[in-house]
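Each chain gets a letter, A, B and so on, in the order the sequences are listed, and its residues count up from 1. Remember, predicted model here, so these are calculated numbers, not experimental data.
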There are 2 protein chains.
Amino acid sequence: MHGMTQIVTQRSANPGRQMAIASQPRPEPRDALDLLEQFGSNVAIERDHEILSQGDRAEYCYKILSGCVRRVKLLEDGRRQVGEFLMAGDLFGFEALDTHDFSAEAVSDVVLRRYPRRMVEALAESQFAFARRLRDMAAVSLRLAHGRLMLLGRKTASERIASFVLEMAERLPGRNDRMVELPMSRTDMADHLGLTIETVCRVLAVLRREGTIAVARGGVEIRDRAGLELMASEPRH
Amino acid sequence: MHGMTQIVTQRSANPGRQMAIASQPRPEPRDALDLLEQFGSNVAIERDHEILSQGDRAEYCYKILSGCVRRVKLLEDGRRQVGEFLMAGDLFGFEALDTHDFSAEAVSDVVLRRYPRRMVEALAESQFAFARRLRDMAAVSLRLAHGRLMLLGRKTASERIASFVLEMAERLPGRNDRMVELPMSRTDMADHLGLTIETVCRVLAVLRREGTIAVARGGVEIRDRAGLELMASEPRH
DNA sequence: CGCGCCTTTGACGGCACTCAATGAGTGTGG
DNA sequence: CCACACTCATTGAGTGCCGTCAAAGGCGCG
């Protein structure tokens, strides 16, 4: 997924403070979502704590200010699927119907900005640009989910790992595009990729021995991006 | 890959509006999507022909009037993922960004109603109810996709087949909820469920021998719904 | 009737899972 | 500061589910 449109939130300069609209000197092409800022409040969640639970009524939407969040679905017998990992700048909960269909848990310590859902709805019913933004967000999420269907349905373990590392690399605009932070555990990765923790380890070990990546604590370094991309077998186009 | 798309434009029977989706006896609270009807035109597509291709610019959105459609994604080497099957009454193409990320192909002979995307956009920018409807549609699609992630990532072959049969049963409000039409080939089912055609056959054979279902041409009959539901291991809630 | 396509069934093999043990990193209390 | 406990990651051995390869039905159609 090449330069896939990512949910990019412009840095809200002052996440904690209310924006005085009048005092803004020259508002850039503003993100419609900025309209929400004045209704937001910050929330800190500790690592491994639950932010919201599958089936909860959707009371709030969230933006991640820092940290990493996983969205989790469970089967009765404990089998787990991590639908996605969300990083700083990402939004979630906006696509909810009346209830959430995923739990959300903090992978690391997390700071969120939380917006009342009724304000989201109110803005969607009164501002076309805002409604449009919500719709585009949903479309992007849907596209990402579709890519994941291909990954889970048809890719081998090696391809899944390669795709995952590349995806995380693209989502982190870290100044160095070779270092990829992976704040989540091997278990989380496995449950995201439809593998077991052992398989994740083994594939990473193979990639390391081949010189494709270097494995470090909390992340990997991409040493042969072309090789990794080849291995990822991304869909055409 | 398949032959070229044959598009037969039939005169829309009712240029005005109200296409009578399912001949509702009473003029219910109207669907915001009805606003689109006056801009729609009917299109017939023959079985196995392509409706739109992955990567195409999104010119149109569609509603299925009759028949069955599959949404397909391909890897370079030909591996295939069928993202979803769509039946009469279902809509697709509304969630597109500028391009489609799935191809759409006719599983059976299909009649579609086609709406210019620019009209969809125009209505979304001028009618809140319409924008709301689009957003809800995207949310529903997203929820379905999430369920499929669990299926592909964590369920066994038997569970996938059971889940699929039950899902198709629920989507077809056929007067008899035991008979489930399956217009798609075993290959299509396999590519939807992340299995091979042989595994699909074998699992169906097992279910048949167990008396859970009866396998007929073009569909199955559910003989033990409770057993099937147990086997499907649906997520909690 | 024969051809082609799809489905079904069988035999076999491999990729990824399971079970198990060891290693590495972190936090805690003596 | 170090021993200990605990968690997570890594590696190995063996197994099993499902994929691959192959052949035999079943059904429609010319």
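In terms of phosphate contacts, Thr199(A) brings no side-chain nitrogen or oxygen within less than 4.0 Å of OP1 or OP2 of dA16(C). Of the side-chain N and O atoms in Arg186(A), none sit less than 4.0 angstrom from OP1 or OP2 of dG25(C).
Between the side chains of Ser233(B) and Lys155(B), not a single donor N or O lies within less than 3.5 Å of an accepting N or O. Side-chain contact, Lys73(A) with Ser103(A): no donor N or O sits under 3.5 Å from an acceptor N or O. Under 3.5 Å, the side chains of Asp56(A) and His100(A) contain no donor-acceptor pair of N or O atoms. Using modelled atom types, one finds no donor on one side chain facing an acceptor on the other under 3.5 Å when comparing Ser141(B) with Glu95(B).
With hydrogens and angles left out, the side chain of Arg202(A) and the base of dT18(C) share a donor-acceptor pair within 3.5 Å.
Here Arg171(A) pairs with Asp90(A) in a salt bridge; the nearest charged N to carboxylate O distance falls below 4.0 Å. Between Asp48(B) and Arg70(B) there is a salt bridge, since a side-chain N of the basic residue sits under 4.0 Å from a carboxylate O of the acidic one. Salt bridge Arg223(A)/Glu221(A): present, at least one basic N to carboxylate O contact under 4.0 Å.
In this entry the distance linking CD of Glu159(A) with P of dC15(C) reads 12 Å, nearest Å. Rounded to a whole Å, the CD1 atom of Ile161(B) is 12 Å from the C1' atom of dC18(D). Counting to the nearest Å, the C1' atom of dC18(D) and the NZ atom of Lys155(B) are 18 Å from each other. Whole-Å rounding puts the Arg209(B) CZ to dT8(C) P distance at 11 Å. Taking atom CG on Asp188(A) and atom P on dC8(D), their separation rounds to 10 Å, with Å as the unit. Straight-line distance from the CD1 atom of Ile197(B) to the P atom of dC5(C): 14 Å, rounded to whole Å. dA16(C) atom C1' lies 15 Å from atom CG of Leu152(A), rounded to whole Å. Atom CD in Glu198(B) sits about 12 Å away from atom P in dT9(C), given to the nearest Å.
Note on Leu195(B): only backbone sugar-phosphate atoms sit closer than 4.0 angstrom, heavy atoms only; bases stay farther off. Within the 4.0 angstrom heavy-atom criterion, only backbone atoms of the sugar-phosphate kind lie near Arg208(A); the bases stay farther away. Within 4.0 Å (heavy atoms only), Gly194(A) reaches sugar-phosphate atoms of the nucleic acid but no base atom.
Set against dT9(C), dA20(C), dG19(D), the side chain of Thr196(B) has dG19(D) as its closest nucleotide.
In terms of position on DNA chain D, the residue among Arg154(A) and Ser185(A) whose nearest nucleotide sits closer to the 5' end is Ser185(A). Taking for each of Ala157(A) and Val200(B) the nucleotide of DNA chain C with the nearest heavy atom, the 5'-most of the two is the partner of Val200(B).
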Could I get a table of every N or O pair under 3.5 Å where one atom is in the protein and the other is in nucleotides 26-30 of chain D?
none

